[in-house]
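These notes concern the structure reproduced below.
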Amino acid sequence: MKWIKRLCSFLFLGIVILTGALLAKGYMEYREALSEKSVEEMVAQIESIDNYTTIDDLPQTYIDAVLAVEDKRFYSHPGVDPIAMGRALLNDIRAGAYVEGGSTITQQLAKNQYFTQEKKIVRKISEMFMAFKIESVLDKDKIFELYVNSVFYGNGYNCVADASRGYFGKEPSEMNFDECTLLAGIPNAPTNYNPVASPRLAKERQAQVIEKMKKAGYLEEREEDK
């Protein structure tokens, strides 16, 4: 029995040391990324693009659709959502592969602006540190605004205005329910879900968005029927 206890102690110690090393490396990478571009510089860079759209010029339906499908607790978490991360971990274990990341909108903004798309633990830790930093500097509306103005929508569209004009021939403020829910689903897999590449997959993804909006309580019965 003693050797079992010792083995468990060594394993626990090893896990603690490994976790500490990963956190330290992730923090160092976060600090390095931040030294190269501050949060304020990141904001200015995105705001300088052509066709920048403020959150006030986005339909509420589009905002609700993005929140439902990407981060329904966006306005209540501090940048990282432990519930979403736990759910993603369980799904990854069940699938035996990395199939879900559990990233918040803030983490996605951090990843897109500061880090690579590599699915590595250290990169994920760096992303989390950066998300906390972004949330300490910016309010939620600004973070959401920056996200939709810098995420990829497929077909060379890198902001919500370009995507709205390109796919629907409309300004973002003019999008109807159908267009809002379709556009909100594209960034998850822009190559596959954009309506030019595959109208069928785009519609299937749109149905998923609407279902998530129902579960999140964003839709009234009359809107669901519509």
Side-chain angles (χ1 to χ4, degrees), residues 15-55 63 66-67 69-89 91-92 97-154 156-163 184 186-191:
I15 291 172
V16 170
I17 293 173
L18 177 61
T19 301
L22 291 172
L23 286 170
K25 185 170 177 56
Y27 181 78
M28 289 174 60
E29 290 193 6
Y30 146 72
R31 293 299 303 175
E32 182 180 353
L34 192 63
S35 69
E36 294 176 358
K37 181 169 63 176
S38 69
V39 173
E40 292 79 8
E41 289 171 329
M42 179 267 289
V43 173
Q45 186 179 66
I46 298 175
E47 287 182 334
S48 69
I49 67 169
D50 294 335
N51 307 325
Y52 184 87
T53 305
T54 67
I55 195 168
I63 295 172
V66 173
L67 292 175
V69 78
E70 295 290 349
D71 188 358
K72 66 181 180 181
R73 283 177 289 274
F74 174 67
Y75 281 94
S76 62
H77 64 62
V80 174
D81 185 351
I83 296 175
M85 291 180 66
R87 183 198 65 238
L89 179 60
N91 290 336
D92 290 345
Y98 189 98
V99 296
E100 186 177 341
S103 293
T104 65
I105 285 174
T106 313
Q107 285 176 269
Q108 292 181 60
L109 177 65
K111 175 181 65 178
N112 293 338
Q113 296 303 311
Y114 288 96
F115 305 109
T116 68
Q117 302 298 310
E118 290 180 302
K119 295 178 179 179
K120 292 184 177 181
I121 294 177
V122 171
R123 200 274 301 156
K124 192 74 173 179
I125 293 171
S126 303
E127 173 190 300
M128 291 169 61
F129 279 119
M130 189 64 74
F132 286 132
K133 177 63 177 180
I134 291 172
E135 293 261 354
S136 74
V137 176
L138 306 175
D139 63 43
K140 290 286 189 176
D141 284 353
K142 174 55 71 173
I143 293 170
F144 184 93
E145 188 176 289
L146 294 169
Y147 170 74
V148 299
N149 278 282
S150 61
V151 72
F152 184 50
Y153 292 87
Y157 304 136
N158 293 293
C159 68
V160 62
D162 286 350
I186 295 176
N188 182 256
T191 302

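Atoms considered below: every heavy atom in the structure, side chains included; atoms not considered: hydrogens, waters and symmetry mates.
Annotation: side chain to side chain donor-acceptor pair (under 3.5 Å) contacts of S76 (sequence neighbours excluded): none. F129 pairs by the side chain to side chain contact (heavy atoms under 4.5 Å, CB included) definition with Y27, Y30, I125, not counting sequence neighbours. A search for salt bridge (Lys or Arg N to Asp or Glu O under 4.0 Å) contacts involving K25 returns E29, not counting sequence neighbours. Applying the side chain to side chain contact (heavy atoms under 4.5 Å, CB included) criterion to T53, with sequence neighbours excluded, gives D57, L58, N149, V160, A161, P172. With sequence neighbours left out, the side chain to side chain contact (heavy atoms under 4.5 Å, CB included) criterion links A189 to N192, Y193. With sequence neighbours left out, the side chain to side chain contact (heavy atoms under 4.5 Å, CB included) criterion links S38 to E40, E41.
S103 pairs with exactly one of K124, Q108, K111 by the side chain to side chain donor-acceptor pair (under 3.5 Å) rule, that one being K124.
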Between T106 and K140, is the side-chain hydrogen bond (donor to acceptor under 3.5 Å, both in side chains) condition met? List the steps.
CA-CA 9 Å; T106 313; K140 290 286 189 176; 4.7 Å; no

Determine whether E145 and Y52 satisfy the following criterion, side-chain hydrogen bond (donor to acceptor under 3.5 Å, both in side chains), listing intermediate values before the conclusion.
CA-CA 9 Å; E145 188 176 289; Y52 184 87; 2.5 Å; yes

Could you walk me through whether N188 and V69 satisfy the side-chain contact (heavy atoms from CB on, under 4.5 Å) test, starting with their C-alpha distance in whole Å, then the side-chain angles of each, then the deciding distance to 0.1 Å, before giving a yes or no?
CA-CA 9 Å; N188 182 256; V69 78; over 6 Å; no

Show your reasoning for whether side-chain contact (heavy atoms from CB on, under 4.5 Å) applies to I134 and L146.
CA-CA 11 Å; I134 291 172; L146 294 169; over 6 Å; no

Please assess L67 against F144 for the test side-chain contact (heavy atoms from CB on, under 4.5 Å), listing each intermediate value before the final yes or no.
CA-CA 9 Å; L67 292 175; F144 184 93; 4.0 Å; yes

What's the verdict on side-chain contact (heavy atoms from CB on, under 4.5 Å) for I49 and N158, showing C-alpha distance, side-chain angles and the deciding distance?
CA-CA 10 Å; I49 67 169; N158 293 293; over 6 Å; no

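D162 has its side chain out of reach of D50: every pair of non-hydrogen atoms, C-beta onward, lies at least 4.5 Å apart. Counting heavy atoms from C-beta outward, M130 and Q113 have side chains that stay 4.5 Å or more apart. Side-chain contact check for V66 versus I105: some heavy-atom pair is nearer than 4.5 Å.
For the pair Q107 (side chain) and T104 (backbone), a donor-acceptor distance under 3.5 Å is present. Using modelled atom types, one side-chain atom of Y114 and one backbone atom of K37 make a donor-acceptor pair closer than 3.5 Å.
Rounding to the nearest 0.5 Å gives a distance of 3.5 Å between NE2 of H77 and CG of D71.
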